[in-house]
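Note sheet for the following structure.
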Amino acid sequence: MGTQSSATAPTGIAVTTSSAASSRTLGTTQAALGVAAFSLTFPATAWGLESFGPWSLVAVRSVLAALIAGGCLLALRVPLPARRHRAGLAVVAAGVVLGFPLLTTLALQTSTTAHAAVVVGLLPLTTALFSALRVGTRPSRTFWTAALAGAAAVVAFTVQQSGGALTTADLYLFAALLVCAAGYTEGGRLARVMPGWQVIGWALVLCLPLTVPVAAVALSYEPVHLTWHGVTGLLWVAAGSQFLGLVVWYRGMAAVGIPKASQLQLAQPLLTLVWSVLLLGEHLTVAAPLTAAAVLVCIAVTQRARG
């Protein structure tokens, strides 16, 4: 009996290790899909502003996303979240559903998508900082060194792309950075105890009493000129960025941890710039591939660093 037990133990350990590795791989893939969805947010927002005012665009996108999420919650008969989770959902709602979309949309009225990309360039580092304060994570020095290097590379690139000038939109962008990092951190924490799609789903539904009247008022005051670009941009930021992207993003964060998942966003500004070329006709400089290489190295280091 003792011989048989010792013989089977390594197999059980191997299976457990393989399962954990598979879970981490799946989590990384989900977080990467979230980043890909988010990388389209700024170009899609620029399209949406062709048809809607900033307040109308943000409120309507939130209402549409909430309707999608609410339909899923109803169809699956998901019970109301426990009372102990509602404060966290309120933070997610304030940061991810309302704060970040509104502040970045206001910024994009006067800022290019390249300049706005500095926000997501700093977001991984800020999210890791919020995570350390909120949930007690303690990433290694190697992790922090790579994260700081990646953030510095992205910031230098995006500032160079915008000509190094600071605009009034910067206040919106830095405020958006802070509220989004708080929302990501709280959402990642909640995704450990409830499905990620329910985290963003309930946060969206929680905002309906505010977003519905704001949408009605904004649409009555801000001019609407429907175009193909405008409608497509609205639909993407509502379904892709506001709901589906956050579903896979929170699932990924729950699987691999908030700090490591957040570092995947170092690639987001570069993806955004690629979409800006393809969708908005903007031009990239020769610095783009050099920055891309530096960012990919930093991502590889942060994913391997123990935290």
Is the number of heavy atoms from other residues, nucleotides or ligands under 6.0 Å of [X] [atom1] greater than 12?
{"X": "Phe38", "atom1": "CZ", "answer": "yes"}
{"X": "Trp197", "atom1": "CH2", "answer": "yes"}
{"X": "Trp144", "atom1": "CH2", "answer": "yes"}

Can [Y] be reached from [X] by stepping across I, L, V, M, F, W or Y side chains whose heavy atoms are under 4.5 Å apart?
{"X": "Phe130", "Y": "Val92", "value": "no"}
{"X": "Leu246", "Y": "Val179", "value": "no"}
{"X": "Leu244", "Y": "Val35", "value": "yes"}
{"X": "Leu273", "Y": "Val155", "value": "yes"}
{"X": "Leu290", "Y": "Val295", "value": "no"}

Closest heavy-atom pair and its distance - [X], [Y]:
{"X": "Gly245", "Y": "Ala37", "value": "CA-CB, 3.8 Å"}
{"X": "Ala32", "Y": "Leu264", "value": "N-CD1, 4.0 Å"}
{"X": "Pro101", "Y": "Thr104", "value": "O-OG1, 3.3 Å"}
{"X": "Ala238", "Y": "Ala65", "value": "O-CB, 3.3 Å"}
{"X": "Pro43", "Y": "Leu279", "value": "CB-CD1, 4.3 Å"}
{"X": "Gly201", "Y": "Ala69", "value": "CA-CB, 3.6 Å"}

[X] side chain near [Y] side chain, heavy-atom distance below 4.5 Å:
{"X": "Leu280", "Y": "Trp47", "answer": "yes"}
{"X": "Ile200", "Y": "Val97", "answer": "yes"}
{"X": "Val205", "Y": "Leu73", "answer": "yes"}
{"X": "Phe42", "Y": "Thr112", "answer": "no"}
{"X": "Val193", "Y": "His85", "answer": "yes"}
{"X": "Val58", "Y": "Phe52", "answer": "no"}
{"X": "Gln198", "Y": "Cys72", "answer": "no"}
{"X": "Thr272", "Y": "Ser276", "answer": "yes"}

Side chains of Ser39 and Gln268: donor-acceptor distance under 3.5 Å anywhere?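 No pair is found: no donor N or O on one side chain lies under 3.5 Å from an acceptor on the other.
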Consider only side-chain N and O atoms of Thr127 and Thr185, and report whether a donor and an acceptor are under 3.5 Å apart.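 Per modelled atom types, Thr127 and Thr185 side chains form no pair under 3.5 Å.
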Nearest 0.5 angstrom please: [X] [atom1] to [Y] [atom2], how far?
{"X": "Gln30", "Y": "Met253", "atom1": "CD", "atom2": "CE", "value": "11.5 Å"}
{"X": "Leu57", "Y": "Gln109", "atom1": "CG", "atom2": "CD", "value": "10.0 Å"}
{"X": "Leu123", "Y": "Phe100", "atom1": "CG", "atom2": "CZ", "value": "6.5 Å"}
{"X": "Trp202", "Y": "Met194", "atom1": "CH2", "atom2": "CE", "value": "8.0 Å"}
{"X": "Thr211", "Y": "Leu208", "atom1": "OG1", "atom2": "CG", "value": "4.5 Å"}
{"X": "Thr126", "Y": "Leu177", "atom1": "OG1", "atom2": "CG", "value": "3.5 Å"}

Run through Val91, Val96, Val199 and flag the one making a side chain to side chain contact (heavy atoms under 4.5 Å, CB included) with Glu186.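 So, applying the side chain to side chain contact (heavy atoms under 4.5 Å, CB included) to Glu186 and each of Val91, Val96, Val199, only Val91 qualifies.
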[X] side-chain N/O to [Y] backbone N/O, donor-acceptor pair under 3.5 Å:
{"X": "Arg86", "Y": "Pro81", "value": "yes"}
{"X": "Ser111", "Y": "Leu108", "value": "no"}
{"X": "Thr227", "Y": "Ser51", "value": "no"}
{"X": "Ser220", "Y": "Val217", "value": "yes"}
{"X": "Thr45", "Y": "Thr41", "value": "yes"}
{"X": "Ser56", "Y": "Ala218", "value": "yes"}

In terms of relative ring orientation, are Trp249 and Tyr184 parallel, tilted or perpendicular, with 30° and 60° separating the classes?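 It falls in the tilted class, 30° to 60°.
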Decide yes or no on side-chain contact (heavy atoms from CB on, under 4.5 Å) for Leu204 and Leu67, but give the supporting numbers first. CA-CA 8 Å; Leu204 286 163; Leu67 292 177; over 6 Å; no
